Amino acid sequence: MEFWVIQTFNGLSYGALLFLLASGLSLIFGVMRIVNLAHGSYFLLGGYVGLSVVWRTGSFALAMLAGGLAVALIGVGMERLFLRRLQKQELAQVLMTMGFALIFQDLALLIWGGDPYSIPTPAWLTGSLRAGELVFPRYRLFVIAVAAAIALVLWLFLERTRAGAVIRAAVDDEEMARGVGINVAAVSMGVFALGAFLAALGGVVGGGFIGVYPGSDFEILPYAFVVVIVGGLGSLEGAIVGSLLVGLLDNFGKALFPELSYFTLFAPMAVILALRPTGLFGRA
Amino acid sequence: MPGAARRGGWVVAGLGTAAVLLAAAPLFLSSYPLTLLTQALIYAIFAMSLDILLGYTGLPSLGHAAYFGVGAYAVAILATEFRAGFWTCLVAAVAAAILAGALFGPLAIRAVGTYFLMITLALGMLVWGLAFRWVSVTKGDNGISGLERPTLGPWSFADPTAFYFLSLVTFVVSAACLVVVVRSPFGMSLMGIRESEARMRSLGYNVWLHKYLAFMLAAAFAGVAGFLWAYYNGFVSPVEVQLVTSVEALLMVALGGSGTLVGPALGAGLIVFLKNFVSVYTKRWLLILGGVYICVILFAPGGIIGALKRRPR
């Protein structure tokens, strides 16, 4: 019993972290149909910027904000200067974003070195809560809370505001959106900034429990892709359900069948794809 | 058309010169450049196999390293655990790669465009996950080492020159097979699918079956490349099947010019040499490779062959 509760909790907290990464990736996908291999790099860079900010200022909240904003700027630069001209050229987008991913990886190595770091978390988030025999680390509860708050804000934004409606229109049918006078180029830029911001936020938050280290970019990227594939492109519900599912599958896979842990993650994904090629919540 | 004939003549002359140079290379190259050339030939087979999917069928696979890796692992496991010989390993590597392609193909070719990219990426990661975690079979992150170069009848390929010739012969045979395929009616149909899937379907072609066969064909030759690589490197690890390797193969195809077979072979050679030479002089090799990716897309979207074709004579 204890095993199941704790593993479920760990899976949920990892899923919460994945949601930060995948929600942005899914939106970018939805609007621009870009396979962005540099999305994991936003996570990595966000973590490193956050680390430097915590070292300088000691403020974790500031680190989250600074990491997010700095990387959002990088994302906007990439979108405006390089990716915009490659619309509907999937291969070119893949190679271009891969180029950026390699450059970011090497720059991070150059600036922050190859040692793994952990971002120091505020005192009120260390330690754990006890419920009888069960122990819940506070920081992981915090990660779940952050993801839930972001999910709520995103949902309100997408469903209840005019800007959100514009984004949904661009996801559903870009051509029609253009036709009714929506500035899809501006929407793309905004969505790219938002996606990069969320991924970097995930990097800072993740830095507190999985750490910041070279290679984390390409380690987490496939997970984000699986979430998006399982959930469906451009769907917030899909990103939520997909993240939790992937977090749980990954965690139980690692705990129960360590030798086949990635298989237990990717095989169900293949089954879902075979049954529903557009993902659980995606539309064709 | 005299223009086309003249160009055809140039192509034949170019290929002939390349063949002579490759055959004579051991006479004037020392052992280090020769091993690099061997590596280039192996990657050329790999890149050409991807070109069947990407260039001829219009399916950009983001997980092609999986089949390369399956072939390499098949050799590594059979040769170290079971002391299997040359032919057993070759057949097993190709069969394993085809089997993986046969399993993954139906999932992947349901999709086109962005979805195809993502599904092949995820399937590639599945193989990577097995290589990384299934420690009892693949030895996980440590990889499988201690592979010895094979012998075949009276020949031993332990010597770098002998192994170079093995790679060269395999390369030539593979290239010849692929050229025959793309010039056959089957190859023409693949190009038809690349240009317009709907039209081919309405003409009565079984598009699904064509894509499926192309997928398995590409997997088979990736397996051949993996077979050589395992012996060449003497060591097989999850690096062989990771995403970065798959994307690198895409870069080789794009750099040379997709849909030409010659281009990807050329692209593979360039990347292999660039990688090995630059990494001697600087630690910032990844930075430069990243720059190469971006420059290819910005300045040579049709690859080297595309740039040559566009230039007026």
Side-chain angles (χ1 to χ4, degrees), chain A residues 29 32-35 37-38 40 78 81-83 85-86 88-107 109-110 218 221-223 225-226 228-230 233 250 253-254 257-267 269-271 273-274 277-279 282 284, chain B residues 54-55 58-62 103-104 106-108 110-119 121-138 140 242-244 246-248 250-251 253-255 258 283-298 301:
Chain A
F29 247 135
M32 305 178 67
R33 307 278 171 211
I34 276 188
V35 178
L37 294 183
M78 267 180 72
L81 300 175
F82 294 96
L83 292 173
R85 60 178 87 197
L86 300 178
K88 304 223 161 69
Q89 303 175 39
E90 293 101 2
L91 181 67
Q93 293 163 354
V94 164
L95 293 176
M96 178 73 87
T97 54
M98 184 64 171
F100 276 105
L102 293 176
I103 289 176
F104 290 148
Q105 189 179 20
D106 214 30
L107 283 179
L109 196 64
L110 189 67
F218 280 107
L221 183 70
Y223 284 91
F225 273 108
V226 172
V228 174
I229 294 173
V230 167
L233 300 184
D250 182 59
K254 277 181 179 154
F257 317 100
E259 288 228 314
L260 297 175
S261 59
Y262 285 94
F263 196 76
T264 58
L265 176 65
F266 291 107
M269 180 209 69
V271 172
L273 273 179
T278 53
Chain B
L54 173 65
L59 294 173
S61 171
L62 202 38
L103 281 175
F104 292 166
L107 288 170
R110 287 175 66 116
V112 289
T114 322
Y115 277 98
F116 184 83
L117 279 170
M118 290 207 300
I119 293 170
L121 177 143
L123 292 170
M125 291 312 295
L126 196 155
V127 174
W128 174 82
L130 285 179
F132 190 63
R133 287 279 178 169
W134 199 8
V135 179
S136 55
V137 174
T138 63
Q242 70 189 5
L243 174 63
V244 178
S246 290
V247 186
E248 211 167 278
L250 283 175
L251 175 69
V253 177
L255 173 63
S258 68
K283 274 191 196 162
R284 299 268 78 83
W285 149 245
L286 281 179
L287 210 64
I288 292 167
L289 184 65
V292 171
Y293 274 94
I294 292 169
C295 288
V296 167
I297 296 307
L298 289 182

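Below, chains carry the letters A, B, ... as their sequence lines are ordered, and counting in each starts from 1. Keep in mind that what you see is a predicted model, and the values were worked out from it rather than measured.
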Inset, instruction - Tell me, for B/Leu62 versus chain A, whether the close heavy atoms (under 4.5 Å) come from the side chain, the backbone, both or neither. - result: side chain

Inset, instruction - Heavy-atom distances under 4.5 Å only: say whether B/Leu126 touches chain A with side chain, backbone, both or neither. - result: both

Determine the option with the most heavy-atom pairs under 4.5 angstrom with chain A, choosing from [options].
options                      : answer
B/Val244, B/Ile294, B/Val296 : B/Ile294
B/Val127, B/Leu123, B/Leu287 : B/Leu287
B/Phe104, B/Phe132, B/Trp128 : B/Trp128
B/Leu250, B/Leu121, B/Val247 : B/Val247

By a 4.5 Å heavy-atom criterion (distance strictly below it), what part of [X] contacts chain B: side chain, backbone, both, or neither?
X        : answer
A/Phe218 : side chain
A/Met96  : both
A/Lys254 : side chain
A/Gln105 : side chain
A/Phe257 : neither

Inset, instruction - Output the option from A/Val94, A/Val226, A/Leu265 having the highest count of non-hydrogen pairs under 4.5 Å with chain B. - result: A/Val94

Legend entry - Greatest number of heavy atom pairs closer than 4.5 Å to chain B - which of A/Leu110, A/Leu37, A/Thr97, A/Ile34: A/Leu110

Inset, instruction - Could you tell me whether the side chain of A/Leu109 reaches within less than 4.5 Å of the side chain of B/Arg284, counting heavy atoms only? - result: yes

Inset, instruction - Please tell me if the side chains of A/Phe82 and A/Gln93 come closer than 4.5 Å, counting only heavy atoms from C-beta onward. - result: no

Could you check whether any side-chain N or O of [X] sits under 3.5 Å from a backbone N or O of [Y], counting only pairs where one atom can act as donor and the other as acceptor?
X        : Y        : value
B/Arg110 : B/Pro106 : no
A/Glu90  : A/Val35  : no
B/Ser258 : B/Gly55  : no

Inset, instruction - Grab the two heavy atoms, one from B/Pro60 and one from B/Gly58, that are nearest each other, plus how far apart they are. - result: CD-O, 3.5 Å

Legend entry - Heavy-atom pair of closest approach, residues B/Tyr293 and A/Gly99: CB-CA, 3.5 Å

Inset, instruction - Only counting residues at least two apart or in another chain, list the ones meeting ring pair (Phe, Tyr, Trp, His ring centres under 6.0 Å) with A/Tyr223. - result: A/Tyr14

Legend entry - ring pair (Phe, Tyr, Trp, His ring centres under 6.0 Å) partners for A/Phe266, two or more places apart: none

